[in-house]
Protein chains: 2
Amino acid sequence: MELQLQIKMNEKLFLRNPERSELGKKIILHSIQLIHKNGFESFTFKKLAEDIGTTEAGIYRYFENKHRLLIYITAWYWSWLEYRVTIHTNNIKDPVVKLKRVIRLLATTVEDDFKTSYVNENILHQIIIAEGTKAYLTKHVTEDNKDQLFKPYKDLCAKIGAIILEYNPKYKFPKSLSSTIIEMAHFQNFFMNNLPSLTDFGKDKDESKIVVFLEDLVFTSIRK
Amino acid sequence: MELQLQIKMNEKLFLRNPERSELGKKIILHSIQLIHKNGFESFTFKKLAEDIGTTEAGIYRYFENKHRLLIYITAWYWSWLEYRVTIHTNNIKDPVVKLKRVIRLLATTVEDDFKTSYVNENILHQIIIAEGTKAYLTKHVTEDNKDQLFKPYKDLCAKIGAIILEYNPKYKFPKSLSSTIIEMAHFQNFFMNNLPSLTDFGKDKDESKIVVFLEDLVFTSIRK
DNA sequence: TTTATTTAATAGTAATACTATCTTATTAAA
DNA sequence: TTTAATAAGATAGTATTACTATTAAATAAA
């Protein structure tokens, strides 16, 4: 039996569902590679089309613009991460163990989970670190949010917040602490690799130190 | 006697020093207004030139491109904030009081300090919240960093890290905690106003709650 | 006063972010 | 089975963006 992970995406994220055609899957695969290689700013549908071997207009039939494609990619990532959090915390009673696993999932490079065919999760993780916040740091967040485009991110945040409250029901800031560790798992990684003096992790670039920092931050904060 | 605050900016940030001409000052003033109004993505030198009443080429004589102008603006902000941290923590012995003041300076809208003539600090604060991270989240961070463009940010982070160590010399992550509270002071504000379910601050949009959250985060973490 | 230097205005260009149209292939209904 | 509808693909175009190059005017130095 072969299991294939299928993530149900919000219909408003695209014009045509990229999962339902070969071209669509190529768009996702190659856009992740291109954004990783050159960054989101210099990423264009023209370059993507050339990379795939199709035309610009072909891409535009799937996505309204490159920003929507970025939201699609980030939404996919957060959905996938929530799924991984679910399977890794399932059947575990102790919220301390759960939170430790969550922090590890947030802050370390993905091991080989069972993979989806057309997404390279490892490169995707790198993209989210460098480009993820650009999905919502716009003048049209509010409208995008009304279209539920950020639901996967918010769901993950809520899920982690719930585990925090499991441990200490009196803790006052479960959601803010949750969004803090989500963002910091990425920012501290970016800083460590690019602006190391903003961190205490030196040049050895060891992700496990970020895990230790985040665990310390979380468990001292929520201590009963 | 009239005091005028002058912040010495890194020469690599500009082609021609905008502080030294009327046009230069207008560029700073109006770019802050325009970026605040329409966001950094839709901000162009053409629009800025029309706004000021000069030409596009006129702007290009001062700044290489709009991203450099964003770095200039953010660098100015961090320098100014470090200056404010200095005057507000000067002559205070207790690191707890110092840290509380720092958090308040980071997380609340600026009160009327003595103002600089050509910068609207209040709007500037809003810009940093929404656009600040875009200054370094690029493929060319490393080169920009070599040019010292992010020095004001790193200096502020180091300064706050030092106060943390004053309180508890054994705390393991002074710089990471410092960059965490700097970023979170802004992110929690953005979330509160735009994606409120990522926070515990509801719809009342009260900045003082962010201060309470950050104080809790910091003081539980660094407790001896 | 002449010459150099800075500053500003004009006019371009290549690339970007799209849109519109037309053709061909596929599927669905009659 | 034929026709109709729909989708996929390729071609060509446009307005805007992000610049550069050239020329003209103003100012300062010799």
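To find a chain, count down the sequence lines: A is the first, B the second, and so on, and within it residues start at 1.
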ask   = Counting N and O atoms only, with roles assigned by atom type, does the side chain of A/Asn17 sit under 3.5 Å from a partner on the main chain of A/Glu19, one being a donor and the other an acceptor?
value = yes
ask   = Does any N or O in the side chain of A/Asp147 come within less than 3.5 Å of the main-chain N or O of A/Lys12, such that one atom is a donor and the other an acceptor?
value = no
Rounding to an integer number of Å, can you tell me how far [X] [atom1] sits from [N] [atom2]?
X       : N      : atom1 : atom2 : answer
B/Glu41 : D/dA18 : CD    : P     : 11 Å
A/Arg68 : C/dA17 : CZ    : C1'   : 16 Å
A/Phe43 : C/dC18 : CZ    : P     : 12 Å
A/Leu48 : C/dC18 : CG    : C1'   : 15 Å
A/Ile59 : C/dC18 : CD1   : C1'   : 13 Å
B/Arg61 : D/dC19 : CZ    : C1'   : 14 Å
A/Asn65 : C/dT19 : CG    : C1'   : 14 Å
A/Tyr62 : C/dA17 : OH    : P     : 21 Å

request  = Scan side-chain atoms only and decide if A/Thr199 and A/Gln188 contain a donor-acceptor pair under the 3.5 Å cut-off.
outcome  = no
key: Exercise: do A/Tyr153 and A/Ser179 side chains pair donor with acceptor under 3.5 Å   = no
Side chain of [X] only, heavy atoms from C-beta on: which candidate in [options] is closest?
X       : options                : result
A/Tyr60 : C/dA20, C/dC18, C/dT16 : C/dC18
A/Lys66 : C/dA9, C/dA17, D/dT17  : C/dA17
A/Thr55 : D/dA10, C/dA17, C/dT10 : D/dA10

Validation row: A/Phe201, A/Pro196 side chains within 4.5 angstrom (heavy atoms) = no
Would you mind classifying the nucleic acid contact of [X] as base, sugar-phosphate or nothing, using non-hydrogen atoms under 4.0 angstrom?
X       : answer
B/Thr44 : sugar-phosphate
A/Lys46 : nothing
B/Ser21 : nothing

Watson-Crick/G-U partner (both atom distances under 3.5 Å) of C/dA30 = D/dT1
inquiry  = Less than 4.0 angstrom from a charged side-chain N to a carboxylate O is my criterion; do B/Lys134 and B/Glu131 meet it?
reply    = yes
query = Mind checking whether B/Phe40 and B/Phe43 have parallel, tilted or perpendicular rings, split at 30° and 60°?
reply = parallel
inquiry  = Across nucleotides 22-28 of chain C, 5' to 3', mark each nucleotide with B, S or - according to how protein heavy atoms within less than 4.0 Å reach it.
reply    = -------
message = Taking the nucleotide of DNA chain C with the nearest heavy atom to each, does B/Glu56 or B/Arg16 sit closer to the 5' end?
response = B/Arg16
